[in-house]
*Asks:* 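Following this message is one structure expressed as structure tokens.
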Amino acid sequence: MKLLASLALICLCSCADLPRDADGTLDRIHRLKSFRVGLIAEQQADAGRSIKFVQALERSTAARALTGRGATEPLLKQLKQGKLDVVIGRMTAKSPWMKQVHMVPLTKAEEADPEEIQLVAITRNGENAWISMVHREASTAALNE
Amino acid sequence: MASVIVLMFLVMGSSQAMRSAWIEDVLSLVPAIVYLIATKYERRRPTHAFPFGFHRVHSLGFLVSAVTLTAVGVLLLVESMITLVRQEHVTIPPVTILGRDVWLGWLMIAALAYSMVPPVILGLKKLPIAKRLQDKVLHTDAMMQKADWMTGLAGIAGIIGLGFGFWWADAVAAAVISASIVHDGVTALRISTAELIDGAPRELDRDEVSEEAEALTRHLKARYPGSEVRLRETGRFINAQILGAPPDSNELPADLWPGDPLRQWRLAEVSFVAPTTDAKG
């Protein structure tokens with residue numbers, strides 16, 4: 001019984017920092033003190049929101065953003081290949097990319113229409129710790145609008 | 001079970017292990033529904049169109065359950081294999097509850113832990129009833145539910161594995177769950193097929209001739225020496241055919257049952273094929 005309780009306690013302690021990334025994205029960001037951002041060619045109205053979001057990520061990771069710009073398809077391909085950590089731009093929830101990447105809306109829920117193209121932060125699937133952080137900063141940014 | 005199905009649906013997200021466990025829980029309703037429909041038809045009296053009555057509706061229902069289980073299990077297994085081959089990574093994002101971000105994986109684990117309890121209790125309660133009624137549909141249902149705790153455990157292992165960064169854990173857990181569904185389905189398929197092609201009565205949970213049928217055969221052969229005895233199952237009942245011996249007009253089927261008197265009801269009919277008739281008919 002004592003052994004079982006000890007094992008349970010060890011399991012609980014090791015679960016404290018879950019989830020972790022499949023490819024160690026957040027660990028790498030903390031280690032290198034930088035993360036790579038791709039900005040899809042944006043409208044003027046999005047520039048402010050995108051910058052605020054990137055700055056929020058810099059604060060929570062204590063890392064520097066390395067930013068590049070480009071078209072949607074090349075940036076999403078680089079994201080899938082692990083050459084970028086987050087892509088920011090306008091996508092619709094019905095995009096064919098939905099099954100291959102994870103999208104986090106950067107607008108408030110009541111503003112977002114699933115049919116419409118909205119501003120999102122896009123991450124690779126499976127990087128659950130990094131995705132949790134992106135979600136947190138996106139919610140905070142939306143609340144502060 | 002309804003509460004388990006609803007709860008699992010609400011939290012399953014994009015996890016394959018959760019989806020497989022949810023589908024298995026939904027499938028667990030099929031034998032119960034089939035049993036209720038079959039029991040209703042079984043009681044109907046023979047008609048001109050169906051002169052032998054409706055005892056075999058149970059067998060048909062069992063086949064339907066078996067095919068459903070096997071087909072869905074195979075589909076899920078193939079899906080898991082494809083995920084592993086393609087090395088697809090699963091995202092389990094956080095959800096906001098009362099203003100706080102909570103990793104959805106924790107809710108999935110809680111739902112899976114809850115899902116382990118009702119089926120096991122229901123399975124344990126149904127098992128003695130299924131044995132008493134000699135109902136294969138109910139027995140299969142009870143055995144599946146009794147083993148449902150393993151599905152929950154596999155699902156939890158998959159989610160925790162994902163949480164630790166092992167991208168393949170979810171698909172492996174889904175494959176394990178699917179394999180158990182396929183195993184249940186194939187076992188049920190073998191038993192139900194044997195029944196529908198007039199095979200000898202099988203045990204409830206495996207594809208072997210039942211001890212009751214063996215005892216009945218021995219008893220009838222002793223009672224009618226030199227005769228050939230054939231038994232087949234129609235739903236929950238046994239029909240006996242005796243070739244090469246005349247009937248004893250004073251004996252009822254119940255009189256010929258050698259086993260537990262409480263199970264005499266199983267021997268529904270004893271028919272005699274005259275010695276000069278071609279016994280292949």
Side-chain angles (χ1 to χ4, degrees), chain A residues 7-8 10-28 30 56 60 79-82 85-86 93 97-106 108-110 112 120-144, chain B residues 11-19 78-80 82-113 116 149 152-175:
Chain A
L7 279 171
I10 291 168
C11 284
L12 275 171
C13 291
S14 57
C15 290
D17 62 344
L18 293 191
R20 295 180 195 167
D21 295 328
D23 285 335
T25 298
L26 196 54
D27 286 340
R28 178 176 42 73
H30 286 317
S60 34
L79 179 72
K80 264 195 81 177
Q81 289 165 355
D85 298 311
V86 63
W97 277 98
M98 266 300 274
K99 287 184 183 171
Q100 301 180 58
V101 294
H102 183 70
M103 297 188 195
V104 182
L106 295 181
K108 281 183 193 168
E110 52 268 24
V120 292
I122 309 163
T123 59
R124 254 197 310 164
N125 274 331
E127 303 304 288
N128 292 309
W130 173 233
I131 287 169
S132 295
M133 176 164 285
V134 169
H135 264 270
R136 197 164 51 242
E137 295 309 325
S139 309
T140 309
L143 281 171
N144 290 338
Chain B
V11 300
M12 72 179 177
S14 55
S15 162
Q16 249 185 334
M18 284 293 292
R19 200 164 80 90
V78 166
E79 212 177 69
S80 314
I82 290 173
T83 303
L84 284 170
V85 165
R86 284 186 185 166
Q87 297 186 12
E88 290 175 4
H89 292 196
V90 173
T91 292
I92 302 183
V95 290
T96 307
I97 299 175
L98 301 173
R100 291 198 65 175
D101 280 347
V102 176
W103 185 48
L104 186 60
W106 297 123
L107 298 179
M108 289 179 177
I109 289 168
L112 282 164
M116 286 161 66
W149 66 271
L153 211 60
I156 289 172
I159 302 298
I160 291 180
L162 262 182
F164 275 104
F166 301 121
W167 64 267
W168 42 264
D170 184 60
V172 166

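Residue numbers begin at 1 in each chain, while the letters A, B, ... track the order of the sequences.
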*Asks:* Measure across Leu18(A) and Gly163(B) and return the closest heavy-atom pair with its distance rounded to 0.1 Å.
*Replies:*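 Answer, listing the atom of Leu18(A) first, then Gly163(B): CD2-O, 3.3 Å.
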*Asks:* From Trp167(B) CH2 over to Glu127(A) CD, what is the distance, rounded to the nearest 0.5 angstrom?
*Replies:*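 Output value for this atom pair is 12.5 Å.
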*Asks:* Between CD of Glu137(A) and CG of Asp101(B), what distance do you get to the nearest 0.5 Å?
*Replies:*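 Those atoms lie 10.0 Å apart.
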*Asks:* State which residues pass side chain to side chain contact (heavy atoms under 4.5 Å, CB included) with Asn125(A); sequence neighbours excluded, sorted by chain then number.
*Replies:*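 So Asn125(A) forms a side chain to side chain contact (heavy atoms under 4.5 Å, CB included) with His102(A), His89(B), Thr91(B).
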*Asks:* Which residues pass the salt bridge (Lys or Arg N to Asp or Glu O under 4.0 Å) test with Asp27(A), sequence neighbours left out?
*Replies:*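 Asp27(A): no salt bridge (Lys or Arg N to Asp or Glu O under 4.0 Å) contacts found.
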*Asks:* More than 12 foreign heavy atoms under 6.0 Å from CH2 of Trp149(B): is that the case here?
*Replies:*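 Not buried by this count: 12 neighbours or fewer within 6.0 Å.
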